[in-house]
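Computation of the quantities below employed the complete heavy-atom set of this structure, encompassing side-chain atoms and omitting hydrogens, waters and symmetry-equivalent molecules.
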Amino acid sequence: MASSPAQHKMRMSHSPARSPRNDADEREERIVVDDGVYSVPPGDTAARIIVPNPSSAPAGKPKLVPQFKFILTMIALNTIIFVIEIGKNGWTVESLKVNPLIGPSSGGAQRTDLIKDDGEWWRLLTAMFLHAGVVHLLFNMAALYQLGMELESTFDRRRIAFIYFATGLIGAIVSGFFVPDVVGVGASGAIFGLFGATFAEFMLNWKLYTNRVCHMTNLIVVAVINLGIGLLPFVNNFAHLSGFISGLGLGFALLSLPLSRQDRIMGTRTRKQRLLGWSGAAFTIVFAVLFIALFASETDAKTACPWCKYLDCVPAPWWSCDATSGECYGEQFKNGTLVVTCPSGKNLTAPPNSAFTAALCTSLCT
């Protein structure tokens, strides 16, 4: 049948490789549409005619509203909420002896007693947007930018948002089960979830990367260093570990890329990718349901798993893990004096005008 002048012609050209991913082994052929008729390269029986999407915006027309960026929005939201925290604290920060991270007290943070006894389940979510201080905020936002921007530029932002919130909630639940006496704040669980997803994405899309050994070594070194820091006192490594594990599972489930030109055209995945995807999704669901049930029950983590405490803090000659475990009590007298009873049983007087917080217990009982 003769072609009409309104039809178009396709020509094939190779796309340049993009670092760190490389398509040299299985090059993707990009379709360019010009005026004329559709044509298929001779001998290419696998080629298919792709009709341009008529709903796409006209090229060259500037957008009045910038494209929504989930990671940048989270960074802005966390920063704004931290400023609000300072404002509610009278535009002052606590003493460095009380809060060495240069920040306010922790109202609205994750507290297992209020979540389970008073039904304040919303604290599992709000704690993800609170930070203990300027130092805490800067480190978390730098990590969020470094990990999240690359993932969001490659994948659908809805997938990245789902991984972020899902792993953050799982991290809060797991840490609430293992360390119920610790007041938790920060997006560390969600950030480690993105790190686990990055690790999974690299393994899923192995063929698209150049210099694979160096990239894998870099990921392993960064993971070991960050999880190793979590073994120090006063750092909640259970949120880090559970966020990383659940992020790894969700990364396998959601972040696979088609490897060949034919797979890209058809939007299909390899058998290995499908297997890892279903396995990752099933593992994450079982992992989350297990710890939701444990968190909602009256199970004592210290009795059920006595050695698990070493995943959060490893004793060493330079520090003590005892000050980070057990219950801390405070008694306020009429003259304003606050006496803190440490987990070891030692009674200490807090600085004048101090509020009884987990940070105060940590600074006095160390």
task: Would you sort out whether Glu201 and Tyr209 count as a side-chain hydrogen bond (donor to acceptor under 3.5 Å, both in side chains), showing the intermediate values?
output: CA-CA 11 Å; Glu201 187 271 331; Tyr209 281 85; 2.6 Å; yes

message: Evaluate Ile245 against Phe283 for side chain to side chain contact (heavy atoms under 4.5 Å, CB included), listing each step before the verdict.
response: CA-CA 10 Å; Ile245 292 171; Phe283 171 80; 3.4 Å; yes

task: May I have the step-by-step check of side chain to side chain contact (heavy atoms under 4.5 Å, CB included) for Met141 and His131, ending in yes or no?
output: CA-CA 10 Å; Met141 294 304 100; His131 287 81; 3.9 Å; yes

- request: Check step by step if side chain to side chain contact (heavy atoms under 4.5 Å, CB included) holds for Thr126 and Arg123.
  value: CA-CA 5 Å; Thr126 57; Arg123 289 180 176 269; 4.3 Å; yes

task: Let me see the working for Leu194 and Leu151 under side chain to side chain contact (heavy atoms under 4.5 Å, CB included), right down to the final yes or no.
output: CA-CA 8 Å; Leu194 293 182; Leu151 287 175; 4.3 Å; yes

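Both Leu290 and Ile292 belong to a single network of hydrophobic side chains, linked directly or stepwise wherever heavy atoms of I, L, V, M, F, W or Y lie under 4.5 Å apart. Under a hydrophobic-cluster definition in which Ile, Leu, Val, Met, Phe, Trp and Tyr are linked whenever side-chain heavy atoms come within less than 4.5 Å, directly or via other members, Leu147 and Val224 are assigned to the same cluster. Both Ile220 and Val222 belong to a common hydrophobic cluster when Ile, Leu, Val, Met, Phe, Trp and Tyr are linked at side-chain heavy-atom distances under 4.5 angstrom. By the criterion of side-chain heavy atoms lying less than 4.5 angstrom apart, applied directly or through intervening Ile, Leu, Val, Met, Phe, Trp or Tyr residues, Val83 is grouped together with Leu72 in one hydrophobic cluster. Leu77 and Met149 fall within the same hydrophobic cluster, defined by Ile, Leu, Val, Met, Phe, Trp and Tyr side-chain heavy atoms under 4.5 Å apart, directly or through other members.
Ring-plane geometry between Phe178 and Phe291 is classed as tilted, the angle between the planes lying from 30 to 60 degrees on a 0 to 90 degree scale.
Taking the six-membered ring for Trp and the full ring otherwise, the centers of Phe129 and Phe82 sit at least 6.0 Å from each other.
Taking 4.5 Å as the limit, some side-chain heavy atom of His136 sits within range of a side-chain heavy atom of Ser188. Proximity of Leu208 to Asn205: side-chain heavy atoms (C-beta onward) are separated by under 4.5 Å at one or more points. Contact of the Met203 side chain with the Leu248 side chain is registered, since non-hydrogen atoms from C-beta on lie closer than 4.5 Å. Contact annotation: the side chain of Phe287 approaches that of Ser242 to within less than 4.5 Å [non-hydrogen atoms, C-beta and beyond]. Between Phe162 and Thr167 there is no side-chain heavy-atom pair separated by less than 4.5 Å. The side-chain heavy atoms of Phe252 and Gln273, taken from C-beta on, include no pair separated by under 4.5 Å. Looking at heavy atoms from C-beta onward, Leu338 lies out of side-chain contact with Glu331 at the 4.5 angstrom threshold. Side chains of Thr198 and Leu255 form no contact here, defined as non-hydrogen atoms less than 4.5 Å apart.
Taken to the nearest 0.5 Å, the CD1 atom of Ile191 stands 5.0 Å off from the CG atom of Leu144. A distance of 11.5 Å separates OH in Tyr145 from CD in Glu150, rounded to the nearest 0.5 Å. Rounding to the nearest 0.5 Å places CZ of Arg212 at 11.5 Å from NE2 of His215. Note that CG of Asn140 and CE of Met128 are 11.0 Å apart. Values are rounded to the nearest 0.5 Å. Between atom CZ of residue Phe195 and atom CZ of residue Phe199 there is a gap of 7.0 Å, rounded to the nearest 0.5 Å. Distance check, rounded to the nearest 0.5 Å: CZ of Phe155 to OG of Ser256 gives 7.5 Å.
Side chain of Glu85 to main chain of Leu130: no donor-acceptor pair is present (N/O by atom type, distance under 3.5 Å, no hydrogens or angles). For the pair Arg157 (side chain) and Glu152 (backbone), a donor-acceptor distance under 3.5 Å is absent.
No option in Asn78, Ile71, Thr73 other than Ile71 meets the side-chain contact (heavy atoms from CB on, under 4.5 Å) test with Ile75. Screening Trp121, Phe238, Phe177 for a ring pair (Phe, Tyr, Trp, His ring centres under 6.0 Å) with Phe295, the sole residue that qualifies is Trp121.
Closest non-hydrogen pair, Ser175 versus Ala239, comes out as CB-N, 4.1 Å. Summarising the geometry of Leu275 relative to Ser279, their closest heavy-atom pair is O-OG, 2.8 Å, with the distance given to 0.1 Å. Annotation for Pro306 and Thr303: closest pair CD-O, 3.8 Å, computed over non-hydrogen atoms.
Counting heavy-atom neighbours within 6.0 Å of Phe139 CZ, excluding the residue itself, gives a total of 12 or less.
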